[in-house]
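Note that ligands are numbered from 1 as they come in the structure, with each ligand's atoms numbered from 1 the same way.
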Amino acid sequence: MSLKNFQTRDNETISYFDSEKGNETVLLIHGFPFSHEMWTPQIEELKKNYRVVAPDMRGMGGSSLDAQFTLEMLANDLIFMVEELELPKVHAVGFSMGGYVLLRALEKQASLFYSITLADTQTAPDSDETKIKRTDALLAIKEKGLEIFATGFLTKATTQETQNNRPILMGELKRLIGKNSSRGAIGLILAMMGRTDTEAILSKLTQKTLILVGEHDVITPVLVAQKMKEKIPHAELKIIPQAGHMSNQENEAFFNMELESFFRSV
Ligand code: MLT
């Protein structure tokens with residue numbers, strides 16, 4: 001069980017966690033502006049029964065400090081990784097930005113994935129208004145650094161209750177964000193701004209699909225999750241109580257329980 005690397009076709013290094021043992025794989029695809037470490041509460045639980053693989057996207061964690069890439073390239077990295085490592089029975093779990101990347105990878109090569117989990121994510125691209133706000137975020141990161149940006153981001157990404165009553169979790173989330181490079185985070189913002197709609201893939205998915213969303217998520221709200229569910233042929237939706245956008249961290253026990261029960265049902 002360790003951190004490993006692979007080289008992408010365009011010679012960037014992708015770092016990933018691999019628990020190595022298991023007949024089925026859980027592939028955990030992180031959100032912005034985190035690395036695979038955002039999945040620690042899931043890795044600890046899931047590695048008991050599955051091979052858990054969790055990459056760091058370009059620019060984040062231990063991966064190359066690349067800042068010029070598109071969302072398509074992130075999807076290519078994911079596909080390349082599944083193929084190169086010959087991962088068995090891949091249960092892919094994409095959280096928020098990780099969901100954007102997974103949905104694009106599904107458009108390209110759906111047959112690589114055994115089941116799909118879309119957590120606190122959406123198919124829509126950025127609206128013009130969001131794009132303009134992203135520019136503000138980009139400049140804030142450039143001028144003040146990721147740690148300061150984290151404070152504002154987490155105010156939106158977690159519930160008031162989490163903010164008031166869980167200082168250790170809030171500190172940890174801030175620490176995880178602050179560990180990443182500003183340049184890499186800016187690269188991811190630009191990649192997200194340039195992404196296109198992935199809604200068309202939903203009706204074509206043949207895999208069993210789980211949609212998870214924090215009940216108080218204001219970034220990718222419950223209504224968005226409900227609309228995705230309606231379009232996917234074999235989907236179930238579970239709403240994570242007492243959680244905002246960071247549902248895997250704010251209610252890790254519920255999140256893990258739903259994930260494991262879904263994997264057993266596939
Ligand atoms: C994330 O959690 O990955 C981000 O909030 C996604 C986004 O900014 O669109």
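- At a 4.0 Å cut-off, at least one heavy atom of His245 sits close enough to ligand 1 to count as contact.
- Contacts with ligand 1 closer than 4.0 Å are made by no heavy atom of Met38, backbone or side chain.
- Note on ring orientation: taking the six-membered ring where Trp is involved, the planes of Phe80 and Phe6 are tilted (angle from 30° to 60°).
- At a threshold of 4.5 Å between non-hydrogen side-chain atoms, the residues Leu205 and His234 do not count as touching.
- A salt bridge is defined here as a Lys NZ or Arg NE, NH1 or NH2 lying under 4.0 Å from an Asp or Glu carboxylate O, and Lys131 with Asp136 fails to meet this definition.
- Annotation: Asn23, atom CG; neighbour count of heavy atoms from other residues, nucleotides and ligands within 6.0 Å does not exceed 12.
- Here Lys227 does not pair with Glu230 in a salt bridge; the nearest charged N to carboxylate O distance is not below 4.0 Å.
- Which of Phe153, Tyr100, Phe32 comes nearest to atom 9 (O) of ligand 1 through a heavy atom is settled by distance: it is Tyr100.
- Residue contact check: Gly31 has heavy atoms under 4.0 Å from atoms 3 (O) of ligand 1.
- Distances below 4.0 Å separate heavy atoms of Met97 from the following atoms of ligand 1: 1 (C), 3 (O).
- Within the structure, ligand 1 lacks Met246 among the residues with a heavy atom less than 4.0 angstrom away.
- Using a 4.5 Å heavy-atom cutoff, the side chains of Lys142 and Arg183 are not in contact.
- The protein non-hydrogen atom at the shortest distance from atom 1 (C) of ligand 1 is Ser96 OG, 2.8 Å.
- Of the protein's non-hydrogen atoms, the one nearest atom 8 (O) of ligand 1 is Arg134 NH1, 2.8 Å.
- For Phe34, the heavy-atom gap to ligand 1 stays at 4.0 angstrom or more.
- Classification of Glu129 and Lys133 as a salt-bridged pair holds, one side-chain N sitting under 4.0 Å from a carboxylate O.
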